[in-house]
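Structure first, commentary second.
Lettering of chains follows the sequences in order, A, B, ..., and the numbering in each one begins at 1. Keep in mind that the numbers below use all heavy atoms, side chains included, and drop hydrogens, waters and symmetry copies. No experiment lies behind these values; they were computed from the predicted model shown.
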Protein chains: 2
Amino acid sequence: MANANTISSQVIDAILSQRLAPNTRLGEQDLAALFGCSRTIVREALVDLAARGIATVSPRRGWYLTEVDTEKARELYVAREIIETGLLRHLARRKQALPTAALDQIARHLDAQAEAVAGDDIPRRSYLLGDFHVCLANSLGNSVLAANLRDMTVLTTLFTMRHQTPHDAQRSYEEHVAVFEPLTRGDALAAEEAMRCHLSTWEEKVNKARDYAPVSALHTALTPAADLRGVNASLTDTAKKEPLL
Amino acid sequence: MANANTISSQVIDAILSQRLAPNTRLGEQDLAALFGCSRTIVREALVDLAARGIATVSPRRGWYLTEVDTEKARELYVAREIIETGLLRHLARRKQALPTAALDQIARHLDAQAEAVAGDDIPRRSYLLGDFHVCLANSLGNSVLAANLRDMTVLTTLFTMRHQTPHDAQRSYEEHVAVFEPLTRGDALAAEEAMRCHLSTWEEKVNKARDYAPVSALHTALTPAADLRGVNASLTDTAKKEPLL
DNA sequence: GGCTCCAATCTTGTATGCAAGATCTGCATG
DNA sequence: CATGCAGATCTTGCATACAAGATTGGAGCC
């Protein structure tokens, strides 16, 4: 019924929406049943996800969503800072304004974020706040870096979920606006600084997380926080039918 | 006999060594026979390469090495400049010297490059000159960006091969040294500037290449330049047995 | 009760068979 | 000679069967 591309896309969307946690098992048979196709297609999707570092296979034991350790998380945040500030710096060097169409696209994305932050659809909120960075890279005219950034965003999401760093959605949104506003004035350098500031706050969290022992999957499963109860509920047997949708 | 990983690695090595040109057909059956395994394994390797943008499948027609157009090449060069100068800039911001082990690793790679540039093993020379950038990113302590950079290097190689931009190996080597030398003095900012200079010369070439019509695979095959004769010879029927090795 | 070992079960690893679409070749026809 | 058509061939798409390792559960023994 479904092809490999839709399977991997749905897995990625589910991660960005924080509906799938790191170390989640991705059984070939389960996914095949869920998507109504054979293991061949599922394996194709899983190999794709593995190539992007999102899934990992343990021989003859099973596929699992990657568990990102603090060292890798550090690399990821450095990489994101380099790429995202670098894109804005590159824009500044070119000394030419961003096309109106690009600005509009970002503005529309920010509107959607504002709406999601005000509402109570937490998965959508998580998704949009992460997707903003990909959208920005795309608007800046570099699809190659945008694609890399998407995978990095997925991996950082896997890290922050595990370490339960409190994600202040309202603040993230405001910082996104702080990146966008200078762009409307053509001040890409100011936007770069705002972006560096935005990402460095995340980097601080990683450094803090290094001090804590990483929360195990079992631990989070058995001691659900109040705001996670809804997420964990979907893992019970009765609701297990379509965990990805 | 061989697993998917070795197949994709060998394809990548062959591209970096300029032994495989863009648009080269990667038939599942051919590769399966070549590596002594079934199409299943070959497909796994091809899906991996496709996820990294290196191979493309045309439904029911076949797999081919990606043909990189000028727009994508521009994005690739911008991406590489952002990442590689960004890594050095990040090093400069941290205001701490590169570990001796890292410097040694780069130095040893440069020695190998010098040897290859002096010798006549053109595939090895091509490989090392491209691999330097990956080695540098690794030495700078970011394996995530190093992996992304490897794929980008592969794609830029596919572009330059097609457009036959004359590759001055000696000059590339000297520019690599010019990046390394400031690092030994702890002057990462000077290294960043040298790297920007090194990459911008390539960017100029892309802008020039935009004016030319891209040379088709058939065209290069039928009008071999003197210095490419050895490469094309390996594509004749009698020597076709192991084009990757 | 606790420990060991073996069988049952579950997982991925790999090959293969068949289906279906694309291309190519050769023939018939104008 | 050009053109269109049809069969032959070659290609990937996908499902399935079987192999083999990993885990688990329980029976039997100490």
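Residues M161(B) and I15(B) share a closest heavy-atom pair of SD-O, 4.3 Å. Looking at every heavy atom in both residues, V134(B) comes nearest to T153(B) through CG2-OG1, 4.2 Å. The nearest pair of heavy atoms linking V68(A) to A73(A) is CG1-N, 3.8 Å. Of all non-hydrogen atoms in A112(A) and R124(A), the two that sit nearest each other are CB-NH2, 4.1 Å. Nearest heavy atoms, E81(A) versus L199(A): CA-CD1, 3.5 Å.
The residues D121(B) and R125(B) are annotated as not salt-bridged, no charged nitrogen and carboxylate oxygen being separated by less than 4.0 angstrom.
Annotation: proximity of residues 50-57 of chain B to DNA chain C (heavy atom, distance under 4.0 Å) is found for no residue. Looking at residues 39-46 of chain A, you'll see R39(A), R43(A) sit with a heavy atom under 4.0 Å from some atom of DNA chain C.
Heavy-atom nearest nucleotides on DNA chain D were determined for P59(A) and for E28(B), and the one closer to the 5' end corresponds to E28(B).
Taking the ring pair (Phe, Tyr, Trp, His ring centres under 6.0 Å) definition, one finds that H198(A) meets it with H133(A), H176(A), W202(A), sequence neighbours left out. By the salt bridge (Lys or Arg N to Asp or Glu O under 4.0 Å) test, R108(A) pairs with no residue at all, sequence neighbours left out.
A donor-acceptor contact under 3.5 angstrom links the side-chain atoms of R60(B) to the base of dA20(C).
Interface limits on DNA chain D: the 5'-most and 3'-most nucleotides within less than 4.0 Å of chain A heavy atoms are dC14(D) to dT23(D).
The environment of D111(A) atom CG is dense: over 12 non-hydrogen atoms of other residues, nucleotides or ligands sit within 6.0 angstrom.
As a whole-Å value, the separation of D30(A) CG from dC10(C) P is 12 Å. When the P atom of dT11(C) is taken as reference, atom CG of L31(A) falls 12 Å away, rounded to whole Å.
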Give every donor-acceptor pair under 3.5 Å between a side-chain atom in residues 39-47 of chain B and any protein atom, sequence neighbours left out.
residue	atom	partner	partner atom	Å
R39(B)	NE	E28(B)	OE1	2.8
R39(B)	NH2	E28(B)	OE1	3.0
R43(B)	NH1	E28(B)	OE2	2.7

